[in-house]
Amino acid sequence: MDDVLSDLSARLRASLLEGLPAEALLTDPQVTASYATDMASFCAAGTPAVVVLPRTVEQVQHVMRTATALRIPVVPQGARTGLSGGANASDGCIVLSLVKMDRILEISTVDRIAVVEPGVVNAVLSRAVAARGLSYPPDPSSWEQCTIGGNIGTASGGLCCVKYGVTAEYVLGLDVVLADGRLLRTGRRTAKGVAGYDLTRLFVGSEGSLGIVVQAVLALKPAPPRQLVLAAEFPSVAAACEAVCAVMEAGLTPSLLELMDRTTVHAVNALARMGLPEATEALLLAAFDTPHAPEDLAAVAELCTAAGATAVVPAEDEAESELLLQARRTAFPALEALRPATMIDDVCVPRSRLGEMLDGTAAIARAQNLLIGVCAHAGDGNTHPIVCFDPADEDETRRARESFGEIMALGLSLGGTITGEHGVGVLKKEWLARELGPVGLEMQRAVKQAFDPLEILNPGKLF
């Protein structure tokens with residue numbers, strides 16, 4: 001068997017080098033091992049045979065033709081900032097890292113589009129279009145590292161979703177290399193278009209299981225005014241959630257509506273010395289990027305006070321607003337610093353059930369005797385309960401795993417979904433089946449079979 005594997009590995013490398021420069025192929029086991037996982041905890045990963053870093057569409061096509069000919073699995077990767085194991089390697093696979101395909105090919109201020117390669121970093125694109133008076137709204141917390149290709153793979157969100165929506169709202173068209181190496185072009189450059197099935201939307205969120213995105217046409221927006229932020233302190237998470245519902249029911253359109261519970265606030269202060277109010281049980285951040293932001297914030301302040309806020313403090317200027325936003329972006333690393341390991345959940349529920357979701361999560365934490373901090377994109381009901389634990393403690397690890405599942409079950413019972421923006425990957429495979437049901441799962445597998453009959457694209461993910 002070892003001789004067979006050795007022969008296959010040699011054939012694979014020789015075949016890849018027929019269409020790739022030597023520097024695009026990494027074979028040192030110590031180097032390839034560093035590409036085995038993304039940032040998710042407790043997700044199985046294998047040992048890749050090689051890592052390929054292509055720079056052109058033709059090189060990606062060559063990789064896929066080789067993989068098809070040799071029946072070798074291919075795992076596409078971006079910056080590996082994912083939180084579900086969706087970019088984890090499988091044994092003997094080709095890891096196809098797209099980070100070298102990082103060109104912004106076009107920015108059109110008339111058509112309000114950008115054409116980019118998959119390795120472009122989100123923040124790099126955002127700054128480039130801002131220089132042209134435009135904006136690319138999707139802003140995951142990892143926007144300084146994550147790539148557009150990865151954002152498309154997981155249909156990622158961010159802080160601005162309450163007003164601007166998720167990545168899927170901005171992907172107009174894609175160039176995709178299929179499993180057999182053919183190039184498929186989906187979608188359009190036009191503002192409107194309904195010709196045929198919406199294959200573009202199908203690829204967004206498919207986690208590299210249907211094809212390799214090598215180019216994307218992205219919709220842009222006019223750059224909004226700089227946003228102003230308000231911070232409101234609440235005596236309970238339930239009161240903060242009541243304020244969220246009141247804001248949305250009033251017809252206001254905040255550009256951001258974020259919540260941090262007491263555990264998260266304390267963690268942020270401990271890590272970054274932000275000076276957030278530690279007596280609060282929940283801190284709600286609201287922002288507006290409208291020309292009349294002060295008036296909008298005043299309306300939110302009234303609603304927060306009516307919901308029981310103990311203090312409502314609008315930022316005095318853009319600098320103070322940015323400081324509050326930085327506090328929210330620091331939530332994940334701050335909670336990660338509390339214990340040796342974390343499991344980051346990503347459950348989205350209807351806004352009207354948000355209070356039940358957070359109260360239920362707190363009850364799970366108490367029952368399991370665990371530290372669980374929650375930060376949430378409260379305006380769209382997307383919660384991130386973060387289970388903090390010590391993996392060296394077997395009993396605590398067991399309780400952490402149990403609580404993770406209990407939180408997802410709670411979300412489903414409230415009419416929610418197991419993932420709002422992080423994807424399914426390896427981490428939530430069994431839960432996807434529960435959410436979709438047998439008929440839904442059968443149809444998903446049929447789609448996969450149509451695009452990838454040999455099942456070589458990111459095997460073992462989703463289902």
*Could you tell me whether a side-chain N or O of R399 sits under 3.5 Å from a main-chain N or O of N369, the two making a donor and an acceptor?*
yes

*Tell me, please, which residues at least two apart from E58 pass salt bridge (charged side-chain N to carboxylate O under 4.0 Å, His left out).*
none

*Can you tell me how far the CH2 atom of W143 sits from the CG atom of N122, to the nearest 0.5 Å?*
7.0 Å

_For K461, is there any backbone N or O sitting under 3.5 Å from a side-chain donor or acceptor partner on N458?_
no

_Backbone N/O of A40 and side chain of D38: donor-acceptor pair under 3.5 Å_ = yes

*asked:* For D345 and K428: C-alpha separation, side-chain torsions, deciding distance, then whether salt bridge (charged side-chain N to carboxylate O under 4.0 Å, His left out) applies.
replied: CA-CA 10 Å; D345 227 322; K428 298 187 175 184; 3.2 Å; yes

_Are T147 and V120 packed together at the side-chain level, in the sense that at least one heavy-atom pair is separated by less than 4.5 angstrom?_
no

*Non-hydrogen side-chain atoms of V176 and V214 separated by less than 4.5 Å*: no

*Any side-chain heavy atom of L284 sitting closer than 4.5 Å to one from V244?*
yes

_By ring pair (Phe, Tyr, Trp, His ring centres under 6.0 Å) - contacts of H384 (at least two apart)_ = F332, H377, H422

*Polar side-chain atom of D452 near backbone of I456 as donor-acceptor pair, under 3.5 Å*: yes

*Nearest 0.5 Å, what's the CD1-CG distance between I344 and L83?*
4.5 Å

*Carefully, step by step, assess L53 and V99 under the rule side-chain contact (heavy atoms from CB on, under 4.5 Å).*
CA-CA 7 Å; L53 294 100; V99 295; 4.0 Å; yes

*Taking the side chain from N151 and the backbone from C146, do they hold a donor-acceptor pair closer than 3.5 Å?*
no

*Got a second to check how far F288's CZ is from T253's OG1, nearest 0.5 Å?*
6.0 Å

*Assess whether atom NZ of K100 is packed by more than 12 heavy atoms of other residues, nucleotides or ligands within 6.0 Å.*
no

*asked:* If you define the side chain from C-beta out and look only at heavy atoms, does anything of Q59 sit under 4.5 Å from M101?
replied: no

*If you take all heavy atoms of L257 and A286, which pair is closest and at what distance?*
CD1-CB, 3.6 Å

*asked:* Suppose we screen for salt bridge (charged side-chain N to carboxylate O under 4.0 Å, His left out). Which residues come up paired with R127, at least two apart in sequence or across chains?
replied: E144

*Where at least one partner belongs to residues 62-91, residue pairs that pass salt bridge (charged side-chain N to carboxylate O under 4.0 Å, His left out), sequence neighbours excluded*: none

*Crowded around R339 CZ? As in, over 12 foreign heavy atoms under 6.0 Å?*
yes

*State which residue, out of I152, V217, L172, L174, fulfils the side chain to side chain contact (heavy atoms under 4.5 Å, CB included) condition with T200.*
L174

*Side-chain heavy-atom pair T342, V387 within 4.5 angstrom cut-off*: no

*Run the salt-bridge test on E258 and R328 with the 4.0 Å N-O cut-off and return the result as yes or no.*
yes

*Could you tell me which residues satisfy side chain to side chain donor-acceptor pair (under 3.5 Å) with S255, sequence neighbours excluded, listed by chain and number?*
Q227

*Which value, rounded to the nearest 0.5 Å, describes the distance between S126 atom OG and D139 atom CG?*
7.5 Å

*Do any pairs count as a salt bridge (charged side-chain N to carboxylate O under 4.0 Å, His left out) and have a residue in residues 112-122, sequence neighbours left out, and if so which ones?*
R103-E117

*So, do I148 and L218 sit near enough that their side-chain heavy atoms are less than 4.5 Å apart?*
yes

*What residue pairs, at least two apart or across chains, pass salt bridge (charged side-chain N to carboxylate O under 4.0 Å, His left out) with a residue in residues 154-169?*
K163-D289, E169-R201

*Can you run down the ring-ring contact (aromatic ring centres under 6.0 Å, His included) pairs that involve residues 21-44, sequence neighbours left out, and say none if there aren't any?*
F42-F389

*asked:* Using modelled atom types and a 3.5 Å cut-off, is there a donor and acceptor pairing between side-chain atoms of S403 and backbone atoms of I364?
replied: no

*Kindly write out the residues that satisfy salt bridge (charged side-chain N to carboxylate O under 4.0 Å, His left out) with R434, not counting sequence neighbours, or none if the list is empty.*
E430

*After noting the C-alpha distance and the side-chain angles of V177 and V213, does the key distance pass the side-chain contact (heavy atoms from CB on, under 4.5 Å) rule?*
CA-CA 6 Å; V177 174; V213 172; over 6 Å; no

_Looking at T47 and S90, would you say the former's side chain and the latter's main chain have a donor-acceptor pair under 3.5 Å?_
no

*Give the minimum heavy-atom separation between V426 and G460, together with the two atoms involved.*
CG2-O, 4.3 Å

*asked:* Using every non-hydrogen atom in the two residues, find where N88 and V75 come nearest and quote the distance to one decimal.
replied: O-CG1, 3.5 Å

*Kindly indicate, with the supporting measurements, whether the criterion side-chain contact (heavy atoms from CB on, under 4.5 Å) is fulfilled by T66 and L12.*
CA-CA 7 Å; T66 299; L12 171 62; 4.0 Å; yes

*Hey, does the side chain of T154 reach the backbone of G150 with a donor-acceptor pair shorter than 3.5 angstrom?*
yes

All N/O donor-acceptor pairs, side-chain side in residues 14-27, below 3.5 Å, sequence neighbours left out:
from: S15; atom 1: OG; to: R11; atom 2: O; distance (Å): 2.9

*Mind checking the NE2-CG spacing from H266 to L271? Nearest 0.5 Å is all I need.*
14.5 Å

*S321 side chain to V229 main-chain N or O, any donor-acceptor pair under 3.5 Å?*
yes

*If you round to the nearest 0.5 Å, how far is CD of E435 from CG of L441?*
11.5 Å

*Give a yes or no answer on whether the side chain of T417 reaches the backbone of G420 with a donor-acceptor pair at less than 3.5 Å.*
no

_If you compare all heavy atoms of L410 against all heavy atoms of T361, which two are closest, and at what distance to 0.1 Å?_
CD2-N, 3.7 Å

*List in chain and number order the residues that pass ring pair (Phe, Tyr, Trp, His ring centres under 6.0 Å) with F451, two or more places apart in sequence or in another chain; answer none if no residue qualifies.*
F203

*Between N382 and D346: side-chain donor-acceptor atoms closer than 3.5 Å*: yes

*Taking C-beta and beyond as the side chain, do V115 and Q215 meet within less than 4.5 Å on heavy atoms?*
yes

*Do the side chains of V116 and L125 get nearer than 4.5 Å, heavy atoms only?*
yes

*Which pair of heavy atoms, one from A67 and one from V74, lies closest together, and at what distance?*
CB-CG2, 3.4 Å

*Mind running side-chain contact (heavy atoms from CB on, under 4.5 Å) on L96 and I212 for me, showing each step along the way?*
CA-CA 9 Å; L96 185 59; I212 310 297; 3.9 Å; yes

*For D180, what residues pass the salt bridge (charged side-chain N to carboxylate O under 4.0 Å, His left out) criterion, not counting sequence neighbours?*
R182

*Which atom names give the shortest non-hydrogen contact between A179 and T68, and what distance separates them?*
O-OG1, 2.6 Å

